[in-house]
Amino acid sequence: MNLNGKVAFVTGGAKRVGKAIVLALARRGCKLVVHYHTSKSEAEETVRELLATGHEAIALQADITQETEVDHMIEAAIARFGRIDILVNNAAVFFRTPVNTLTIDEWEQVMDVNLTGTFLCAHTIGLRMREWGWGHIINMADVAGLRP
C-alpha cells in the first residue's frame, strides 16, 4: 500500500512501541501526528527527529480518556494536515503486577485508557474518515490480553 503523503495519527507515539510505529510510518512517507499525555519531552524529541529528516510532524497532548480533550486534539490535527488517513491506537497503561494484586483504581485506569481512550479516538476519527470516504484504524494490544 502506498502511504506517501497520508496523515497518520499515533496515540502514545512519543516513546517505546509508539515511537517505532511513528518512525516506520514516516519512512513510508506519512505525515505524522504524535500524541502524548505526559511524555512531552519525548514527543517533542520524536518530532524534532522527524523534522530533521524532512518529514512533516506535530506533537499533540491530550488525556484520551476525556472526550473534550480528544475532540480538541483531533481538530488541531485536522487544522494542521486537513485530514487523518490512519489512526493507530497505541496508547495504553499497564501495570507489571499479577492481575490478582491490581487495585480497583489501577483497574479503572487500565479500562479508561486502554478501552475508553481507544473508543473515543476511533469513534471521533472514524466518523471523519467516513465523511472523507477513506481511512484505516489499527488497534494495538499486547500479550497481557492473553496472559493477564
Side-chain angles (χ1 to χ4, degrees), residues 1-96 105-148:
M1 173 185 300
N2 182 3
L3 299 180
N4 196 41
K6 300 293 185 194
V7 179
F9 190 114
V10 181
T11 66
K15 57 187 183 178
R16 295 187 299 267
V17 172
K19 182 175 181 175
I21 293 167
V22 163
L23 296 176
L25 288 167
R27 285 191 299 273
R28 298 284 305 270
C30 288
K31 301 171 187 178
L32 276 301
V33 178
V34 178
H35 157 263
Y36 68 95
H37 181 216
T38 59
S39 302
K40 181 177 183 176
S41 61
E42 293 93 336
E44 290 172 346
E45 177 58 29
T46 298
V47 168
R48 276 193 296 276
E49 289 177 36
L50 293 168
L51 296 175
T53 56
H55 299 286
E56 291 185 61
I58 59 171
L60 294 174
Q61 189 280 334
D63 176 349
I64 61 170
T65 70
Q66 301 301 311
E67 188 172 11
T68 56
E69 290 191 35
V70 169
D71 290 344
H72 288 121
M73 174 181 62
I74 291 167
E75 288 309 314
I78 293 169
R80 171 64 173 84
F81 291 117
R83 63 185 294 127
I84 298 167
D85 300 298
I86 302 161
L87 166 63
V88 180
N89 274 314
N90 171 71
V93 295
F94 54 94
F95 297 99
R96 294 184 188 274
D105 288 340
E106 291 168 334
W107 174 256
E108 288 174 350
Q109 186 180 2
V110 168
M111 293 297 109
D112 284 349
V113 174
N114 299 8
L115 296 179
T116 301
T118 296
F119 166 78
L120 289 172
C121 292
H123 181 261
T124 305
I125 293 174
L127 290 174
R128 299 301 290 270
M129 287 175 170
R130 189 178 277 175
E131 291 173 18
W132 299 319
W134 195 88
H136 292 281
I137 297 174
I138 301 162
N139 296 316
M140 303 297 290
D142 72 16
V143 72
L146 299 173
R147 290 183 299 150

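The first residue in the sequence is number 1, and the count goes up from there. In what follows, every heavy atom counts, from backbone to side chain, and hydrogens, waters and symmetry copies are set aside.
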With rounding to the nearest 0.5 Å, note down the distance linking [atom1] in [X] to [atom2] in [Y].
| X | Y | atom1 | atom2 | result |
| --- | --- | --- | --- | --- |
| H55 | R28 | NE2 | CZ | 13.0 Å |
| I64 | D112 | CD1 | CG | 10.0 Å |
| L60 | H35 | CG | NE2 | 8.5 Å |
| K19 | N90 | NZ | CG | 13.5 Å |
| Q66 | M73 | CD | CE | 12.0 Å |
| I137 | D85 | CD1 | CG | 12.0 Å |

Can you tell me if [X] uses its side chain to pair, donor with acceptor, with the backbone of [Y] under 3.5 Å?
| X | Y | result |
| --- | --- | --- |
| T53 | L50 | yes |
| T116 | T65 | no |
| E56 | K31 | no |
| N114 | V93 | yes |

*Evaluation steps, salt bridge (charged side-chain N to carboxylate O under 4.0 Å, His left out), between E131 and R83*: CA-CA 10 Å; E131 291 173 18; R83 63 185 294 127; over 6 Å; no

How close do [X] and [Y] get, heavy atom to heavy atom, and via which atoms?
| X | Y | result |
| --- | --- | --- |
| G135 | M129 | CA-SD, 3.7 Å |
| G13 | V22 | O-CG2, 3.6 Å |
| I74 | C121 | CD1-O, 4.4 Å |
| A91 | G12 | CB-N, 3.7 Å |
| Y36 | A43 | CD2-CB, 3.4 Å |
| W132 | G82 | CZ2-O, 4.0 Å |

*Between L87 and T11, does a side-chain contact (heavy atoms from CB on, under 4.5 Å) hold up when you go through it step by step?*
CA-CA 8 Å; L87 166 63; T11 66; 4.3 Å; yes

*Hey, are the side chains of V34 and V10 touching, using non-hydrogen atoms and a 4.5 Å cut-off?*
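In short, these two side chains do not touch, never coming nearer than 4.5 Å.
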
*Non-hydrogen side-chain atoms of F119 and N89 separated by less than 4.5 Å*: no

Other residues, nucleotides, ligands: >12 heavy atoms within 6.0 Å of [X] [atom1]:
| X | atom1 | answer |
| --- | --- | --- |
| W107 | CH2 | no |
| H136 | NE2 | yes |
| E44 | CD | yes |

*Under the side-chain contact (heavy atoms from CB on, under 4.5 Å) criterion, do L32 and T46 qualify, and how do the steps go?*
CA-CA 10 Å; L32 276 301; T46 298; over 6 Å; no

*Might you work through the side-chain contact (heavy atoms from CB on, under 4.5 Å) test for E67 and V70, ending with a clear yes or no?*
CA-CA 5 Å; E67 188 172 11; V70 169; 5.7 Å; no

*asked:* L3 vs I86, test: side-chain contact (heavy atoms from CB on, under 4.5 Å). Steps then yes/no.
replied: CA-CA 9 Å; L3 299 180; I86 302 161; 3.8 Å; yes

